Protein chains: 2
Amino acid sequence: MTASTQNDQSAPPPRRSAATRHAILAAARERFASDGYERATIRAIARDARIDPSMVMRYFGSKEGLFAAAVALDLRLPDLARVPRDEVGRALVGHFLGLWEENEELTAVLRVGATNEAGAERMRGIFQEQLLPVARQVCPDPEQVPARAALCAAQLLGLALTRYVLRLPPARALAREELVAWLGPTVQRYLTAPSP
Amino acid sequence: MTASTQNDQSAPPPRRSAATRHAILAAARERFASDGYERATIRAIARDARIDPSMVMRYFGSKEGLFAAAVALDLRLPDLARVPRDEVGRALVGHFLGLWEENEELTAVLRVGATNEAGAERMRGIFQEQLLPVARQVCPDPEQVPARAALCAAQLLGLALTRYVLRLPPARALAREELVAWLGPTVQRYLTAPSP
DNA sequence: CTCGTAGGTCAACGCTTGTTGGCAGATTAA
DNA sequence: TTAATCTGCCAACAAGCGTTGACCTACGAG
């Protein structure tokens, strides 16, 4: 709201604080992802970032502000219009798997969303603003878009839950290609198949 | 561990404490389900049960003991040998939906499992001891049982997550029969179809 | 050199948490 | 009636929480 991270427009001297900000955000992502919102304490995050807890407040105002700044909300979903019609399921599953493995932000959002009402609201927002439009591109009947997108969300978030949060051993053992082969047709059917 | 709730075997005088125990457990289930482990405070639970927080400690030893006593672990999964081979998917989805709607215990386990490592371990135990054996009844290749059961868990827990924890509106709007019709074939395929 | 300011530490605040021990009625047994 | 055993409340504890404000230090601009 107040300031942007990259304000290196005209002032060449790169503020020393940029490194600190980054360290705090990295530590926060890790803690939120592994501990959830309540147990990820500002003191622990500050300790990880090797600074004083009060700096976190100075930089991000509050714990909520820190969380908002630490987790990304952009799923960077592919443009399904450029994907062969019968490949959208596999494409989505593959994209989601890449997203979850590339960093811990999504694990953080899911963990927090499961305990915190504000976090749940945030996930509902992601669903509405990012998954719904993509589903609209491939669903036959516009009226069924929300339901079909919700079914996809259930399958994809269920995979993330078992694999990255609960860490069920068999869910972790499955290779990426196996998961795409298993879940791809499911998502494909939820999005494009006629209603059962 | 120490005592059972129903010890009305020979001692007819029903202890007055039984009602209190029950009130505490009911309040605990509600709080754990709606707030998760960390935010469900003993004080709040005691307030709901209209007793002193110290009573909770006397009856259950600790917060962990209370949680263990409050949430059930029995999924009461049906004997799939008695279900027509091509109906097991629909039967499982229907059974799970009933389970989640009949009380809040499963919501509590899921919410806690998502934030608390001990809770996650408990969910892994439920998977191993209750879902795996059932999957073994219908899976063709014994070697694939864990993977196939994990896929089912992902789909079913994903449904629970979106519908009962995150409360995505479209996931809540779907009727029970619609969910069975959509997810039944998916679970059926995960359990019985040949590997993709 | 001086000075304003950004980056950072320290100590404390008010509050909530899980947990404990002591004490008061009620209920039961002898 | 007396003694023992439940059932319960009260007050407090140590620890941890998010958050605040005073203070110190370095440094680039004037």
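Everything numeric here is computed off the predicted structure, so don't read it as measured data. Chain letters run A, B, ... following the sequence lines, proteins first, then strands; residues in each count from 1.
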> Which whole-number value in Å describes the distance from A/Arg50 CZ to C/dT9 C1'?
Replying inline: 16 Å
>> In this structure, how many angstroms lie between the C1' atom of C/dG22 and the CG atom of B/Asp52, rounded?
In response: 13 Å
>> Please tell me if B/Thr41 has a side-chain N or O lying less than 4.0 Å from either OP1 or OP2 of C/dT17.
In response: yes
> NZ of A/Lys63 versus C1' of D/dT20: gap in Å, rounded?
Replying inline: 17 Å
> Any side-chain N or O of B/Thr20 under 4.0 Å from OP1/OP2 of D/dG8?
Replying inline: yes
> What integer distance in Å separates A/Arg43:CZ from C/dA12:C1'?
Replying inline: 10 Å
> Rounded to whole angstroms, how far apart are CD1 on A/Ile42 and C1' on C/dC15?
Replying inline: 15 Å
> Any ion pair linking B/Glu104 and B/Arg29 (charged N to carboxylate O, less than 4.0 Å)?
Replying inline: no
> Using the ring of each side chain (for Trp, its six-membered ring), is B/Tyr164 parallel, tilted or perpendicular to B/Trp100, with breaks at 30° and 60°?
Replying inline: parallel
> Rounded to whole angstroms, how far apart are CZ on B/Arg21 and P on D/dG8?
Replying inline: 11 Å
> Which sits closer to the 5' end of DNA chain C, B/Glu64 or B/Arg58, going by the nucleotide each is nearest to?
Replying inline: B/Glu64
>> Has A/Arg163 got a side-chain atom pairing as donor or acceptor with A/Ala171's backbone, closer than 3.5 angstrom?
In response: yes
>> Does D/dT20 have OP1 or OP2 under 4.0 Å away from a side-chain N or O of A/Ser54?
In response: no
> What's the CZ-C1' distance between A/Arg39 and C/dT17, to the nearest Å?
Replying inline: 14 Å
> Has the side chain of A/Arg111 got a donor or acceptor atom that lies under 3.5 Å from a matching backbone atom of B/Ala114?
Replying inline: yes
> Is A/Phe60 touching bases, backbone alone, or none of the nucleic acid, heavy atoms closer than 4.0 Å?
Replying inline: nothing
>> Rounded to whole Å, please give me the gap between CE in B/Met57 and C1' in D/dC10.
In response: 16 Å
